[in-house]
Number of protein chains: 2
Amino acid sequence: MTRIDIPADSLFGVENLPYGVFATRDNTLPRVGVRVADYVVDLAAGLGDDVFAQPSLNPFMAQGATSWDKTRARIRELVTGDLAEGTVFAIGDVTMHLPIEVADYVDFYASEHHASNLGRLFRPESDPLLPNWKHLPVGYHGRSSTVVVSGTDIIRPNGQRKGPNDPAPVFGPTVRLDVEAELGFIVGVGSRMGEAIAPDEFAQHCFGAVILNDWSARDIQAWEYVPLGPNLGKSFATSISAWVVPLAALEDARVPTPVQDPEPLPYLRGEEAWGLDIQLEIEWNGQAVSHPPYAPMYWSPAQMLAHTTVNGAATRTGDLFGSGTISGPERDQCGAFIELTCGGKEPVTVNGEKRTFLEDGDEIIITATAPGPGGARIGFGEVAGRVVPARKG
Amino acid sequence: MTRIDIPADSLFGVENLPYGVFATRDNTLPRVGVRVADYVVDLAAGLGDDVFAQPSLNPFMAQGATSWDKTRARIRELVTGDLAEGTVFAIGDVTMHLPIEVADYVDFYASEHHASNLGRLFRPESDPLLPNWKHLPVGYHGRSSTVVVSGTDIIRPNGQRKGPNDPAPVFGPTVRLDVEAELGFIVGVGSRMGEAIAPDEFAQHCFGAVILNDWSARDIQAWEYVPLGPNLGKSFATSISAWVVPLAALEDARVPTPVQDPEPLPYLRGEEAWGLDIQLEIEWNGQAVSHPPYAPMYWSPAQMLAHTTVNGAATRTGDLFGSGTISGPERDQCGAFIELTCGGKEPVTVNGEKRTFLEDGDEIIITATAPGPGGARIGFGEVAGRVVPARKG
């Protein structure tokens with residue numbers, strides 16, 4: 001038997017208990033574990049529950065909120081007691097896998113600062129915020145097949161681009177590869193066609209949250225995106241963190257959303273519109289270049305899910321929805337380099353070099369933390385990715 | 001033993017042999033069958049192959065083109081010989097299910113007539129065709145969870161809309177519910193991240209085609225779609241026909257695409273750019289109101305798949321991509337009612353009534369046929385759907 005030493009200041013204490021899918025050298029079958037301090041506890045072994053002997057969290061997430069709560073209490077008991085040999089692994093000894101089987105992936109655009117910044121860059125001739133923006137959480141469907149776990153290399157995408165002065169489009173590797181620091185929310189219990197999820201029903205459906213990097217090829221995106229929205233500029237890769245922080249671990253992070261004026265339509269109103277006081281950090285080749293705050297996000301997670309389903313669209317276990325780029329009001333709070341560098345015109349200094357967009361070999365690591373009970377901090381781990389050269393077109 | 005009488009003019013003769021997933025009263029387990037004349041042959045029973053004892057075509061599709069070809073030859077032998085009792089069912093005695101498990105769903109916009117018509121209606125102040133349209137097949141990701149089989153009722157969606165003269169958006173059931181007659185193409189064998197599928201590799205990846213109705217709420221779409229494209233105006237339902245016509249059955253339907261000028265970039269060029277001479281018909285409450293032709297579609301199916309993967313996006317068994325609305329140059333060849341009625345301003349007469357958009361109780365049936373070998377016709381069956389009233393918002 002063994003006991004885990006959990007330092008009081010650990011980002012993965014008993015108030016967090018995020019779920020992930022891991023494998024070990026001696027047992028390469030991916031299975032569900034929980035992170036505690038710098039250890040991973042095998043839940044199928046520890047709790048004797050086969051729902052965790054699965055390569056994704058989906059079967060457990062489908063059980064619903066009552067089961068999530070009960071299991072969380074059992075896990076807390078498990079990890080603070082004596083653990084049997086073979087159920088605990090040092091974090092350095094495991095390989096992490098994609099924690100969920102992604103059903104539909106929708107990405108929103110919920111930061112007013114980001115939407116305004118991008119509006120100014122993409123449509124300099126008109127109002128930065130479009131007329132619909134304050135009435136509904138604007139979003140679009142992204143590609144599920146290319147959602148990858150933190151640590152997966154990002155192959156620089158090829159594609160068409162056409163600058164304003166190019167006579168015709170050219171083909172080749174993107175020259176404006178960017179990041180978008182976001183949170184991703186995961187649906188545990190879906191909804192049937194015709195059924196709308198009200199904002200106050202959010203906690204019955206949403207299992208937890210991850211950090212998400214919506215890699216973006218700005219030159220491809222700018223040329224393709226009218227009138228049907230982003231496609232190949234985004235569809236090549238979306239990275240998520242390996243650890244899914246349960247919604248229950250984020251209760252102390254709840255903060256009111258900014259004042260929503262005009263008042264949203266009734267289907268977007270709940271008892272209270274809460275956002276999350278989560279602080280992100282973007283590291284570019286080891287240097288912190290931005291600190292995007294989630295708290296000022298205009299649309300709440302519950303409003304995004306309510307909007308997704310108000311037309312009767314079905315949701316499923318494993319649905320993933322992204323917040324959209326998280327950008328605060330300050331330059332060093334921007335969640336995308338196109339904003340941080342003012343469209344590439346004002347480079348930032350990274351390890352002494354002037355940089356705008358991503359070069360081959362660059363590594364981006366986004367981390368996030370939230371307040372927990374009694375001064376504890378809740379960690380999301382990280383979403384990391386290294387850019388590798390484009391394949392021959 | 002029994003023999004199927006196959007009339008020479010059947011749309012489901014031995015040159016077609018479309019696959020579907022069916023169940024019967026005595027065996028409610030969905031399984032794969034092939035349609036022959038007005039009969040369905042149970043393939044798990046008939047061929048003794050468990051890959052067909054599955055609730056979707058995905059496991060069979062994943063086997064690849066060599067297996068598809070061999071199986072097609074075996075099926076032709078099977079259905080023209082003596083069939084054991086319990087392997088053949090009259091089409092009226094079966095219930096059809098969704099034939100595939102949909103992975104990612106992408107919808108294109110490949111008809112020049114449709115794109116121009118919609119451009120004139122949505123952006124009357126500018127060129128109907130946007131600058132990128134002749135350089136790349138414009139497309140966007142749609143919702144996989146709401147792809148339903150022909151015959152599924154369509155619940156009128158609720159949502160936000162705002163007319164140009166409305167001071168603020170209003171919420172309620174769409175008042176401009178429309179259809180989009182399309183073909184859908186299904187990926188049998190996917191591709192890995194970083195791997196691009198060239199146009200000439202299409203037949204190694206594409207398993208077959210269905211008719212697709214991309215139901216659209218035009219008022220919701222018009223208000224939401226800038227800048228990230230359609231979302232709730234489309235995500236409530238997409239219907240596909242129950243029978244998947246194998247690509248091999250469409251060889252005689254191949255026709256050159258229209259001349260593509262400017263010449264597309266090399267990644268969109270193959271040995272030959274072929275379209276399909278498929279004729280569709282839209283019935284509105286039993287009355288044929290339009291006859292959209294697939295042959296004039298600007299972008300070919302192979303070009304759509306090549307574009308989807310050129311940035312390295314992975315594809316999977318069960319990926320579905322739609323052609324976009326099929327509209328010919330004539331008014332009675334329009335694949336959407338917004339075009340057929342000139343934005344609702346010029347009603348059509350349906351069973352003696354002036355009609356623009358869909359009313360509750362309306363039934364839409366889209367059918368399609370293609371030329372086969374030796375004067376035979378290849379039928380797609382139909383994609384049908386009835387509009388039922390909105391749920392309380």
Side-chain angles (χ1 to χ4, degrees), chain A residues 103-106 109 119 122-123 130-132 135-136 138-146 148 155 157-160 162 168-169 171 190 193-196 217 220 223-233 235-237 262 265-267 307-308 310-316 319 390-391 393, chain B residues 103-106 109 119 122-123 130-132 135-136 138-146 148 155 157-160 162 168-169 171 190 193-196 217 220 223-233 235-237 262 265-267 307-308 310-316 319 390-391 393:
Chain A
D104 278 299
Y105 164 46
V106 175
Y109 194 52
F122 275 71
R123 296 175 302 277
L130 288 159
N132 57 14
H135 293 281
L136 57 89
V138 171
Y140 69 100
H141 284 76
R143 193 161 187 86
S144 301
S145 71
T146 46
V148 295
I155 304 167
N158 292 309
Q160 285 194 33
K162 181 178 175 299
F171 179 82
M193 275 177 86
E195 182 185 338
I220 297 172
W223 170 233
E224 74 175 354
Y225 93 105
V226 280
L228 300 185
N231 184 7
L232 277 78
S235 65
F236 58 95
L265 283 161
Y267 80 89
H307 186 66
T308 298
V310 75
N311 69 344
T315 53
R316 293 177 291 181
D319 272 12
R391 300 280 170 85
Chain B
D104 278 299
Y105 163 46
V106 176
Y109 194 50
F122 274 71
R123 296 175 300 278
L130 288 160
N132 57 14
H135 294 281
L136 58 90
V138 172
Y140 69 101
H141 283 76
R143 194 162 187 85
S144 301
S145 71
T146 47
V148 295
I155 304 167
N158 291 309
Q160 284 194 36
K162 182 178 174 299
F171 179 81
M193 274 177 87
E195 182 188 339
I220 297 172
W223 171 232
E224 75 175 355
Y225 91 105
V226 280
L228 300 185
N231 184 6
L232 277 78
S235 65
F236 58 96
L265 283 161
Y267 80 89
H307 186 65
T308 298
V310 75
N311 68 345
T315 53
R316 293 176 292 180
D319 272 12
R391 300 281 169 88

(message) Using every non-hydrogen atom in the two residues, find where B:Arg143 and A:His141 come nearest and quote the distance to one decimal.
(response) NH1-NE2, 3.0 Å
(request) Compare every heavy atom of A:Ala314 with every heavy atom of B:Ser145, then report the nearest pair and how far apart it is. (result) OG-O, 2.7 Å
(message) Rounded to the nearest 0.5 Å, what separates atom OG1 in A:Thr146 from atom CE in B:Met193?
(response) 5.5 Å
(request) Quick one: which of A:Glu224, A:His307, A:Lys162 has the most heavy-atom pairs under 4.5 Å with chain B, could you say? (result) A:His307
(request) Select, from B:Gly194, B:Gly190, B:Ala196, B:Gly159, the one with the greatest count of heavy-atom pairs under 4.5 Å involving chain A. (result) B:Gly194
(request) Return the minimal non-hydrogen interatomic distance between A:Arg391 and B:Glu195, and the atom names on each side. (result) NH1-N, 4.4 Å
(message) Looking at chain A, which one of B:Gly312, B:Gly233, B:Pro230 has the largest number of heavy-atom pairs inside 4.5 Å, strictly under?
(response) B:Pro230
(request) Against chain A, label B:Tyr109 side chain, backbone, both or neither, depending on which of its atoms sit under 4.5 Å from a heavy atom there. (result) side chain
(request) Grab the two heavy atoms, one from B:Pro227 and one from A:Val138, that are nearest each other, plus how far apart they are. (result) CD-CG1, 4.2 Å
(message) Just verifying a value: how many Å separate B:Leu136 CG and A:Trp223 CH2, rounded to the nearest 0.5 Å?
(response) 6.5 Å
(message) Report which part of B:Leu130 has an atom under 4.5 Å of a heavy atom belonging to chain A: side chain, backbone, both, or neither.
(response) side chain
(request) Heavy-atom distances under 4.5 Å only: say whether A:Pro131 touches chain B with side chain, backbone, both or neither. (result) both
(message) Could you check whether any side-chain heavy atom of A:Ser235 comes within less than 4.5 Å of a side-chain heavy atom of B:Thr308, counting everything from C-beta outward?
(response) no
(message) Shorter than 4.5 Å, heavy atoms on both sides: which option in B:Asn132, B:Val106, B:Ile155 has the most such pairs with chain A?
(response) B:Asn132
(message) Once rounded to the nearest 0.5 Å, what's the spacing between atom CG of B:Leu228 and atom CG of A:Leu228?
(response) 11.5 Å
(message) Tell me which of these, B:Pro157, B:Ala390, B:Ala313, has more heavy-atom pairs under 4.5 Å with chain A than the rest.
(response) B:Ala313
(message) Does any backbone or side-chain atom of B:Ala217 lie under 4.5 Å from a heavy atom of chain A? Answer side chain, backbone, both or neither.
(response) neither
(request) Output the option from B:Leu232, B:Asn231, B:Ile220, B:Val226 having the highest count of non-hydrogen pairs under 4.5 Å with chain A. (result) B:Leu232
(request) Measure the OH-CZ distance between A:Tyr267 and B:Phe171 for me, rounded to the nearest 0.5 Å. (result) 6.5 Å
